[in-house]
**Q** 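This is the structure, below, for whatever I ask next.
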Amino acid sequence: MANTNIDRLRAIAVGAAVGDALGMALEFGPRQPPDNLVRDMQPGRLPTGRFTDDTEMALALAESLLTQSPLDPADLAARFVDWLSHDPPDVGVHTRRVLAGIDEETPWDISVERVQAQHPDSAGNGSLMRTWPLAIRYANDLDNLLIDSWRQSRVT
């Protein structure tokens with residue numbers, strides 16, 4: 001059976017989620033030689049096999065892209081606020097502050113500016129870790145890939 005584009009897109013999403021879940025136990029730990037990676041895997045800050053905020057936020061980005069093109073940062077921010085309402089375990093301080101401001105009806109860009117001005121060194125959630133939906137959406141459109149990558153990164 002030949003792969004269709006839909007099959008390939010699903011494989012990217014599943015591969016990213018599986019890689020995230022496998023890597024979760026190693027995140028923030030010391031560097032490991034490749035031959036020790038599987039042997040030395042221990043339960044991490046989440047249950048073994050659970051993916052992290054990276055996949056959850058990528059899925060929110062994918063959902064936003066299905067309804068908004070080009071990407072609408074306000075729509076994405078609302079989806080991130082909804083994600084935060086489910087009390088995920090690994091939200092960076094910066095991201096939590098930005099999304100709390102948005103949840104209090106501050107426009108996303110003003111919330112970002114306030115948090116950056118008040119807490120310039122606070123930890124966020126890695127925006128590059130959630131970009132696979134953009135790579136799928138803009139596979140043949142580098143200009144819009146770069147523009148929407150920047151837009152989605154600005155939200156947190």
Side-chain angles (χ1 to χ4, degrees), residues 1 3-29 37-38 41-113 115-116 122-156:
M1 174 188 275
N3 284 339
T4 65
N5 284 338
I6 295 297
D7 293 333
R8 289 183 183 117
L9 299 177
R10 286 184 182 130
I12 291 168
V14 170
V18 168
D20 184 26
L22 289 171
M24 181 276 305
L26 302 168
E27 191 174 23
F28 305 117
L37 289 178
V38 174
M41 260 191 196
Q42 301 294 321
R45 66 191 192 292
L46 299 173
T48 302
R50 172 144 180 225
F51 53 74
T52 72
D53 62 293
D54 297 332
T55 297
E56 291 173 346
M57 295 180 89
L59 291 172
L61 174 59
E63 289 172 353
S64 185
L65 287 169
L66 287 171
T67 63
Q68 307 291 322
S69 185
L71 180 69
D72 177 3
D75 179 78
L76 180 60
R79 292 172 193 277
F80 287 165
V81 168
D82 180 63
W83 164 73
L84 185 66
S85 74
H86 299 289
D87 199 28
D90 51 353
V91 182
V93 175
H94 179 89
T95 299
R96 187 177 297 280
R97 287 176 176 147
V98 168
L99 297 179
I102 296 167
D103 194 34
E104 294 169 1
E105 300 190 16
T106 301
W108 74 270
D109 51 342
I110 294 172
S111 186
V112 168
E113 288 173 16
V115 171
Q116 287 176 339
S122 63
N125 292 64
S127 64
L128 293 180
M129 302 301 290
R130 62 178 182 247
T131 58
W132 61 261
L134 292 167
I136 293 170
R137 170 66 179 87
Y138 297 116
N140 298 311
D141 186 352
L142 180 60
D143 291 339
N144 282 314
L145 172 65
L146 295 173
I147 290 167
D148 274 0
S149 293
W150 179 82
R151 281 185 184 132
Q152 71 87 26
S153 291
R154 286 262 306 131
V155 174
T156 61

**Q** D148: which residues meet the salt bridge (Lys or Arg N to Asp or Glu O under 4.0 Å) condition with it, sequence neighbours left out?
**A**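 Result, salt bridge (Lys or Arg N to Asp or Glu O under 4.0 Å) vs D148: R151.
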
**Q** When rounded to the nearest 0.5 angstrom, what is the spacing between CD1 in I136 and CG in L65?
**A**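 One finds 9.5 Å between CD1 of I136 and CG of L65.
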
**Q** Taking only residues two or more places apart in sequence, or in another chain, which ones meet T67 in a side-chain contact (heavy atoms from CB on, under 4.5 Å)?
**A**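 In terms of side-chain contact (heavy atoms from CB on, under 4.5 Å), with neighbours along the sequence ignored, T67 is linked to D75, R79.
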
**Q** What is the distance from atom CH2 of W132 to atom CG of L9, rounded to the nearest 0.5 Å?
**A**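 Rounded to the nearest 0.5 Å, the CH2-CG separation comes to 9.0 Å.
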
**Q** Starting from the C-alpha separation in whole Å, work towards a yes-or-no answer on side-chain contact (heavy atoms from CB on, under 4.5 Å) for L99 and W83.
**A** CA-CA 10 Å; L99 297 179; W83 164 73; 4.2 Å; yes

**Q** Can you find a heavy atom in the side chain of T156 that is under 4.5 Å from one in the side chain of M57?
**A**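 A side-chain contact under 4.5 Å exists here.
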
**Q** Give the C-alpha distance, both sets of side-chain angles, the deciding distance and a yes or no for side-chain contact (heavy atoms from CB on, under 4.5 Å) between M129 and T52.
**A** CA-CA 10 Å; M129 302 301 290; T52 72; over 6 Å; no

**Q** Atom CG in L142, atom OH in Y138: separation rounded to 0.5 Å?
**A**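 Going from the CG atom of L142 to the OH atom of Y138 covers 12.0 Å.
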
**Q** For the side chain of H94 and the backbone of V115, is there at least one donor-acceptor N/O pair under 3.5 Å apart?
**A**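 No, H94 side chain to V115 backbone: no donor-acceptor pair under 3.5 Å.
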
**Q** Do L71 and S64 come close enough that some side-chain heavy atom pair is under 4.5 Å?
**A**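 Touching, per the 4.5 Å side-chain cut-off.
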
**Q** Compare every heavy atom of S127 with every heavy atom of Q152, then report the nearest pair and how far apart it is.
**A**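 Heavy-atom minimum between the residues: NE2-O, 3.1 Å.
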
**Q** Side chains of residues 104-113: which donor-acceptor pairs under 3.5 Å do they make with residues two or more places apart or in other chains?
**A**
residue: T106; atom: OG1; partner: G101; partner atom: O; Å: 3.3
residue: S111; atom: OG; partner: V98; partner atom: O; Å: 2.7

**Q** Show your reasoning for whether side-chain contact (heavy atoms from CB on, under 4.5 Å) applies to L76 and L61.
**A** CA-CA 6 Å; L76 180 60; L61 174 59; 4.0 Å; yes

**Q** Taking all non-hydrogen atoms of both residues into account, name the closest pair between P88 and R96 and its distance.
**A**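 Where P88 meets R96 most closely, the heavy atoms are O-NH2, 4.1 Å.
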
**Q** Rounded to the nearest 0.5 Å, what separates atom CG in L134 from atom CD1 in I147?
**A**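 Atom-to-atom, L134:CG and I147:CD1 are 11.5 Å apart.
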
**Q** Quick one: closest heavy-atom pair of D54 and R130, and the distance?
**A**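 For D54 and R130, the tightest heavy-atom pair comes out as O-CB, 3.8 Å.
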
**Q** When you look at L84 and D103, which way does the side-chain contact (heavy atoms from CB on, under 4.5 Å) test go after all the steps?
**A** CA-CA 10 Å; L84 185 66; D103 194 34; over 6 Å; no

